[in-house]
Structures are given as structure tokens and as C-alpha cells.
Protein chains: 2
Amino acid sequence: MAKATLRADARRNLDKLRDAALGVFREKGLHAPLDEIARRAGVSSGTLYNRFGSREALIDAVAPELAADSLRAVARRAIAERDPWEGFASYVMGVCELQASCPALNDVISRRYASEQLTAICRATEERERYIIERAQREGLLRADFTREDLFFVFWSTATLVRHTSGAAPEGWRRAVGFLLDGLRAEAAHPLPAEPLTPDQVEEVMFRLGEGGPL
Amino acid sequence: MAKATLRADARRNLDKLRDAALGVFREKGLHAPLDEIARRAGVSSGTLYNRFGSREALIDAVAPELAADSLRAVARRAIAERDPWEGFASYVMGVCELQASCPALNDVISRRYASEQLTAICRATEERERYIIERAQREGLLRADFTREDLFFVFWSTATLVRHTSGAAPEGWRRAVGFLLDGLRAEAAHPLPAEPLTPDQVEEVMFRLGEGGPL
DNA sequence: ACGTAAGTTGAGGCATGCGTCAAGATACCG
DNA sequence: CGGTATCTTGACGCATGCCTCAACTTACGT
């Protein structure tokens, strides 16, 4: 399917587009206008479509550099914490910090776009999260009824919070996450009014997030 | 400025538009296309602009019927609770239920639109909230460092949650709110990593929400 | 150096949604 | 009933953003 060899100029354009996409995505999020990426790369929008064909392909091309490393690093730091609760808390805060630091990461973490690479990155994330959660629960520090799917509540919430408060109160989200973490400690637990989401439900929600729609 | 008396047909159209707006807003939220409202009212979009002139004016015309009563009712029920914590929890859950039950209310509560009437409604809300919060704090049930501005964290979060999970997991948000409430009990309190938002900051965030922008 | 396959261009078609205005319709007054 | 002020209409222009394709340009092999 894919041509093995590109003409030199095409190859150059592909690289310029990749770089431009990385920059624009980081500044404006994964929904940034493709035209702007083409403009920044110094090529026409037609070329962008020639080289990539879709936003998704473009995202796939930059996803690893954009997200994989930072997410891995956050998990690594969390696991390195001696205290399992501190590890969990550090993970949650760390991921939220990523969300706050870069619109594109925020989109990745709250799953505003799906793509092959992104999905792979998330699957890797998932396993690390399970470990971090279980470790904290084994010691009776994280409430026992907390599931990995519940993490999405945290990240979806922070996604919006960060998006809207980054201007007026850049550190405001930390307070919200603080409240939330206090509710996740084992000793804070009270019976919950609803069952956890199933992985399928999470999947479905993410799928709809991709659709876009208003907000 | 405003004409005191309208011609009969104009008056009729105004009412039809008001009704249509109420219906469409309830179904789709306050950002629903104005054309659709005109269509449902059986008039042309030009007439909508003749009668109202802007989305904001249209919102103002339906805001009281749309939002004021239900918000008041939730606060009333909360205050009627004997236990101040139950009152507070019931208020939070109640408001979130409104968010979940109607896209327009969700927009009002999370302040996706500003308008004169809406602002007035919110100011009324504010006082009731202060009372509910203080009552629960006086008894040492709600954590002492919780401010009225922090309520917005809850409602902003739920707004997004509800918007995205209403299809796949209609009751899912209750679980998220459950976690949050557990973090708000006095005995769950741990030092927070950030200061509360000032009312000005809340104002500014709300102003930006109105702007729209992506998501 | 030249021919051709490969690549690029950018105007233009699509769709959404806001807001306007000249032309036509209609209520109301005398 | 007629005249006029009031009101309605709906096509149009605007803007955003996606995506395409016929015409043009360029790299590369010989």
C-alpha cells in the first residue's frame, strides 16, 4: 500500500509537516486547524493531505513523541514512591500536570481523539495504572471500591477544568484534584451511589468524545 | 427604546419563538442553532432576529422558566434536610441531577452562557449556597477550607461528565460525585495544594466559558 | 538535457451557523 | 375599503474549517 520510497522533496515536506504538527498541536490541542499546520510547515493544505490524508494519520505520526514518554515518566515516578498512597497521588497529580501543561496532552489523556498510536499508548498506560491502584489498595490506603475506570472521572474532570481555568487561575485545578484525592483515601470511603463504569462503557464514552459535537 | 406595543402577529410570533426556544434549548442546550428554533416556531430566521436580535436576548426571555424554579427547589430541599451534611450533599447531588436531566440547565449551571437574567439567577443561587455551606461547616461536617467558589469545581466537572457519559452510562456521574463528596467531609480533609479561586477568578473563567472556543 | 512519474498548488466545493436586507405581505386605523 | 406603518421572508454574504482535483512544477533516471 504505502510507497516504500518518497521523492526527496516529498520526504522533506513530510518532515516539515510533522514538526509543524507537533508545534501546533502542543500549542492548540489536537483539534487545531490543519490549514494552520500546513501554513506553518510552509506548504499548501493539499500537500498535507497528500502526505497524511487525515488528521488521524497526522496525530499517529506525532503521538509517540507527543505523549508516550511523558506518560511513562509520570508512571515511573509514581511507582518509585515508597509509600503506595503517595505513589497513587503522585500519579494522579502528575497526569493532571501533563493535562495542564499542554493542550495536546490534555486531549490525549481525556481521549478527545482516538487513533491507532494513541490507543496503543493508552493500553500501555492502563497496565501501569492497574499496578499503581492495586498497590495502594493492598495496603489499605486507596479505597477498595476504586477501579481503574474511575480514573477517567478524574481525568475527564480535570481536562475541562484546566481548559477553562488555565487563564484565570493556572493552579486552580490542583485544589480540585486535592478535594478529589481526599475522597479516594480508604478512610474517607462511604458507600457510593452508582456502580463503576465497565471498560466497555469507558470505550463507548471515548468513542463519542471523538465524534466532537459541541463541547 | 423598546416599542411598548407590538402588532398582534408580531406578538404571536414572539410567543411562538419563546416556546420553541424553550423546547429546543431543553433538548439541545443553549448553543442550539437559532435556525432550528425559528423553524420549530414556524417562522423564518429573520423574524427571530427581528423579535429578539440575539441569542442572549432569547435566553433571557426563557431563563426564568428554564432555570430559576428548579434551582430554587433544589436549594429548598437541601435546606429542609435536618442534618446539615445531608443538606449539603443533597444540594450538590440535586444540582448535578439538574445538569444531568437537561442540557440547557447544564449550560446554565456550568455557565456556558452569560446573560442578564442568568446572572441574576446565579446571584440568587449564590446566597443560598453560602447558607448551605456555612451551616454544614458550623457543625464541623463539611471541611472548613471549602469555599463557595469551590462548588464550581464540582459543577464544572459534572457538566463535562454528564455531557459525555449520558449516553453510555447515564448514572455514571453519581459515582464521580460520590467520590467528590467523600473528599469534602470534614474528617477527610488534608491540606490542599492551592488557594481557593477568588470570586473575580470565577467571574473571569465564566466570562471565557461564554466566549466559546473549542470545547 | 529531456521526458515522465511524482509531487505541489490553491482556488473552489462542501457543510455549519450567524446575521442582514430589499422585496413582499399583512394588520390596523381612519 | 384603502393606505401606510409594521412585520415577515428567505436568499444572500460572512466566517470557519474540511477536503479535492485539474493544472502546474519539479526531481530523478537515462
Side-chain angles (χ1 to χ4, degrees), chain A residues 1-21 24-25 27-61 103 107 112-115 210-215, chain B residues 1-21 24-25 27-61 103 107 112-115 210-215:
Chain A
M1 231 79 297
K3 279 258 342 247
T5 300
L6 287 175
R7 227 170 69 177
D9 54 343
R11 175 80 235 167
R12 258 193 317 274
N13 284 338
L14 194 144
D15 289 342
K16 281 192 287 184
L17 280 165
R18 238 191 59 95
D19 286 356
V24 172
F25 283 155
E27 288 167 28
K28 312 220 173 171
L30 298 182
H31 57 280
L34 296 186
D35 292 14
E36 181 171 344
I37 293 174
R39 204 174 334 115
R40 187 176 305 196
V43 302
S44 81
S45 68
T47 297
L48 189 154
Y49 283 95
N50 278 343
R51 295 289 119 253
F52 291 94
S54 71
R55 178 187 296 274
E56 194 176 316
L58 193 50
I59 291 176
D60 262 351
D107 288 339
R112 296 231 290 163
Y113 283 93
S115 83
E211 312 270 271
L215 219 300
Chain B
M1 231 75 302
K3 281 263 336 258
T5 300
L6 288 176
R7 225 170 69 177
D9 53 344
R11 176 78 236 169
R12 257 192 319 274
N13 283 338
L14 196 144
D15 289 342
K16 282 193 286 182
L17 280 165
R18 239 192 58 95
D19 285 357
V24 172
F25 282 155
E27 288 167 28
K28 311 221 174 170
L30 298 182
H31 58 279
L34 296 187
D35 292 13
E36 181 170 344
I37 293 174
R39 203 173 334 116
R40 186 174 307 194
V43 303
S44 81
S45 69
T47 298
L48 189 153
Y49 284 97
N50 279 343
R51 294 290 120 251
F52 292 93
S54 70
R55 178 187 296 275
E56 194 177 316
L58 193 49
I59 290 176
D60 262 351
D107 289 338
R112 297 230 291 164
Y113 283 92
S115 83
E211 312 269 272
L215 200 314

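Per chain, numbering begins at 1; letters A, B, ... match sequence-line order.
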Atom pair distance, as rounded to whole Å: [atom1] in [X] and [atom2] in [N]:
{"X": "B:L17", "N": "D:dT8", "atom1": "CG", "atom2": "C1'", "result": "11 Å"}
{"X": "A:L14", "N": "C:dA6", "atom1": "CG", "atom2": "C1'", "result": "14 Å"}
{"X": "B:E36", "N": "C:dC18", "atom1": "CD", "atom2": "P", "result": "10 Å"}
{"X": "B:F52", "N": "C:dG19", "atom1": "CZ", "atom2": "C1'", "result": "16 Å"}
{"X": "B:R7", "N": "D:dG3", "atom1": "CZ", "atom2": "P", "result": "18 Å"}
{"X": "A:L6", "N": "C:dG7", "atom1": "CG", "atom2": "P", "result": "6 Å"}
{"X": "B:R12", "N": "C:dC28", "atom1": "CZ", "atom2": "C1'", "result": "13 Å"}
{"X": "B:L48", "N": "C:dC18", "atom1": "CG", "atom2": "P", "result": "10 Å"}

### Task
Identify whether the distance between the nearest side-chain nitrogen and carboxylate oxygen of B:D35 and B:R39 falls below 4.0 Å.
no
When you compare the protein's N or O atoms with those of nucleotides 17-19 of chain D, which come within less than 3.5 Å of each other, and at what distance?
residue, atom, partner, partner atom, Å
D:dC18, OP1, A:R55, NH2, 2.4
D:dC18, OP2, A:L34, N, 3.3
D:dC19, OP2, A:Y49, OH, 3.0

### Message
Tell me every residue that passes salt bridge (Lys or Arg N to Asp or Glu O under 4.0 Å) with A:R51, counting only those two or more places apart in sequence or in another chain.
### Response
none
Determine whether [X] and [Y] make a side-chain contact, defined as any pair of heavy atoms from C-beta on separated by less than 4.5 Å.
{"X": "B:F52", "Y": "B:D60", "value": "no"}
{"X": "B:H31", "Y": "B:D107", "value": "yes"}
{"X": "B:R55", "Y": "B:L34", "value": "yes"}
{"X": "B:K28", "Y": "B:P103", "value": "no"}

### Message
What's the closest nucleotide to the side chain of B:N13 if the choices are D:dT8, D:dC7, C:dT9?
### Response
D:dT8
### Task
Would you mind classifying the nucleic acid contact of B:R51 as base, sugar-phosphate or nothing, using non-hydrogen atoms under 4.0 angstrom?
sugar-phosphate
### Query
With a non-hydrogen cut-off below 4.0 angstrom, is A:D9 in contact with a base, only sugar-phosphate, or nothing?
sugar-phosphate
### Query
Are OP1 or OP2 of D:dT8 and a side-chain N or O of B:S44 less than 4.0 angstrom apart?
no
### Query
When you measure from the side chain of A:R18 to the backbone N and O of A:A61, does any donor-acceptor pair fall under 3.5 Å?
yes
